[in-house]
2 protein chains.
Amino acid sequence: MAYRKTPAEISRLEAAREHLIAAATSVVTEVGWSQASVTAVADSAGIAAGSVYQHFSSKAALAVEVFRRAAGREVEVLGTVLREPGTPVERLARGVEVFARRALENRGLAYALLAAPADPAVGAERLDYRRRYRALFAEVVHEGIEEGLLPAQNGEITAAALTGAVGEVLVDPLGAGDGETTEALLTELVAMALRCAGAPRP
Amino acid sequence: MAYRKTPAEISRLEAAREHLIAAATSVVTEVGWSQASVTAVADSAGIAAGSVYQHFSSKAALAVEVFRRAAGREVEVLGTVLREPGTPVERLARGVEVFARRALENRGLAYALLAAPADPAVGAERLDYRRRYRALFAEVVHEGIEEGLLPAQNGEITAAALTGAVGEVLVDPLGAGDGETTEALLTELVAMALRCAGAPRP
DNA sequence: GTCTATATGGGGATAGAC
DNA sequence: GTCTATCCCCATATAGAC
């Protein structure tokens, strides 16, 4: 009756695959896409380079999976925060803060997701996910306009500016290191975001 | 007395080098850094691949030179515009407009300068020039604060947002093609920039 | 299924003729 | 000084043993 895999076999394979993805994610976080060779990833996962191809048909396929997992988590979190109770202005402030805080807490990964040189397959995914981040920000801006809390504006551009600002902060180790400057940076970033969207001055 | 090069020889060499840089710039503009192989660049310049190494010690050295020329022009222009007569707010508006307009008029090059995947040597230059763009924007913001035209704020973050917004617009073919949408886009971008810096509402 | 060993291909860089 | 031809390295991907 061994005409198909037992659940145990399946979960072993799944686990190996997940382990590989996790290892690849950590390599990318540490050294970036360009330095994340198949050999380096396999070493990190504790398997042979050739064995990678038991789980993914190509390096690009693995890279895309790594990207989707990580970027998907951020979209998920941002979407949740932006839809929590509160006025659109409050939610925008909270969304920017959480987005930036998470990025600053995991700079390596955030940089990989937002900016690091990557092969074309990942680049295409990145475009897609950047649009999603922007769409989420734009949504709450539009709500703010409808409710009369924000002035008429192109929400897409405002959203682009917000994404760009966070990215820029990550690129330049400006708000690096210690927690105190991080908090100050977040405060300023949120203040900028609210001005950017035209929220009433506090 | 042929113990040193004649002026004519020197200018011939200079010209060949300049021609090579120009060809490399156009290749990078069209296909990006990653596709700009030595062979492709040499073909474009009408010389053999090996001859490239008469002018540059490595591909990276050529790439860095291409980057510096192009990015340097933008810094120059932005600096000039931001220092023309007018209030800081007026100059900021004009600076953002010119910066974005130039980028939109030469998307390929702007994308290469701001965002396209590139080898590490170019990446390092990019960091440096991004800081310069930001410093220029930040300077005018600080002036605005001193003159009481803008509220207290972290000018670096505002400047980062401005750079990021322009970059984002370039990445996503949102304001593509025809002149009408371009103008509308620029208007919105400038409006966003002024809100971002906290300029009084018009 | 995972290993070792190797094939394959591309791009940067060099050598030597002209 | 420029060309042609080639070398060399590295990374992906595959083949076959275990």
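None of these values were measured; they are calculated from a predicted model.
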Query raised in the report: Does any residue of residues 17-33 of chain B have a heavy atom under 4.0 Å from DNA chain C, and if so, which ones, in number order?
Result: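 Within residues 17-33 of chain B, no residue comes under 4.0 Å of DNA chain C.
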
Report task. Considering non-hydrogen atoms only, spot the tightest contact between Val66(A) and Ala24(A) and give its length. Result ->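 The answer is CG2-CB, 3.7 Å.
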
Query raised in the report: Is there a salt bridge (charged side-chain N to carboxylate O under 4.0 Å, His left out) between Glu84(B) and Arg91(B) once you walk through the steps?
Result: CA-CA 7 Å; Glu84(B) 280 169 353; Arg91(B) 287 181 280 139; over 6 Å; no

Query - Base-contact (B) and sugar-phosphate-only (S) positions in nucleotides 4-15 of chain C, heavy-atom cut-off under 4.0 Å, - elsewhere - result: B-------SBB-

Check whether any side-chain heavy atom of [X] sits under 4.5 Å from a side-chain heavy atom of [Y], and report yes or no.
X: Glu139(B); Y: His142(B); result: no
X: Val171(B); Y: Leu127(A); result: yes
X: Leu136(A); Y: Arg83(A); result: yes

Query raised in the report: Could you state the interatomic distance from CZ (Arg195(A)) to CG (Leu150(B)), rounded to the nearest 0.5 Å?
Result: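 If we round to the nearest 0.5 Å, Arg195(A):CZ and Leu150(B):CG are 8.5 Å apart.
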
Report task. Please round to the nearest 0.5 Å and tell me the distance separating atom CD1 of Ile157(A) and atom SG of Cys196(B). Result ->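 That separation rounds to 12.5 Å.
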
Query raised in the report: Do the side-chain N and O atoms of Thr158(A) and Gln153(A) include a donor-acceptor pair separated by under 3.5 angstrom?
Result: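 Present: a donor and an acceptor within the cut-off.
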
Query raised in the report: If you draw the axis of the six-membered ring of Tyr129(B), does the NZ or CZ of Arg132(B) fall within 45° of it and under 6.0 Å from the ring centre?
Result: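 So Arg132(B) does make the cation-pi contact.
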
Report task. Output yes when Glu168(A) and Arg131(B) qualify as a salt bridge under the 4.0 Å nitrogen-oxygen rule, no when they do not. Result ->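 Judged by the 4.0 Å cut-off on N to carboxylate O distance, Glu168(A) and Arg131(B) do not form a salt bridge.
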
Requested in this report: Answer yes when Glu97(A) and Arg94(A) have at least one side-chain N-carboxylate O distance shorter than 4.0 Å, and no when they do not.
Outcome: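 Looking at Glu97(A) and Arg94(A), the cut-off is met.
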
In this structure, how many angstroms lie between the [atom2] atom of [N] and the [atom1] atom of [X], rounded?
X: Phe56(A); N: dT12(D); atom1: CZ; atom2: P; result: 15 Å
X: Arg12(A); N: dT2(C); atom1: CZ; atom2: C1'; result: 11 Å
X: Asp119(B); N: dC10(D); atom1: CG; atom2: P; result: 17 Å

**Report entry** Between the first and last five pairs of the helix from dG1(C)-dC18(D) to dC18(C)-dG1(D), the angle of the axes, rounded to 10 degrees
**Finding:**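 Nearest ten degrees gives 20° for this helix.
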
Query raised in the report: Mind checking what makes side chain to side chain contact (heavy atoms under 4.5 Å, CB included) contact with Val166(B), not counting sequence neighbours?
Result: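 For Val166(B), the residues satisfying side chain to side chain contact (heavy atoms under 4.5 Å, CB included) (neighbours in sequence not counted) are Phe99(B), Ala100(B), Ala103(B), Leu170(B), Leu189(B).
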
Polar pairs (N or O, both sides) under 3.5 Å between protein and nucleotides 16-18 of chain C?
none

Report task. Please list, chain by chain and in numerical order, all residues satisfying ring-ring contact (aromatic ring centres under 6.0 Å, His included) with Phe56(A), sequence neighbours excluded. Result ->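 Phe56(A) satisfies ring-ring contact (aromatic ring centres under 6.0 Å, His included) with no other residue.
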
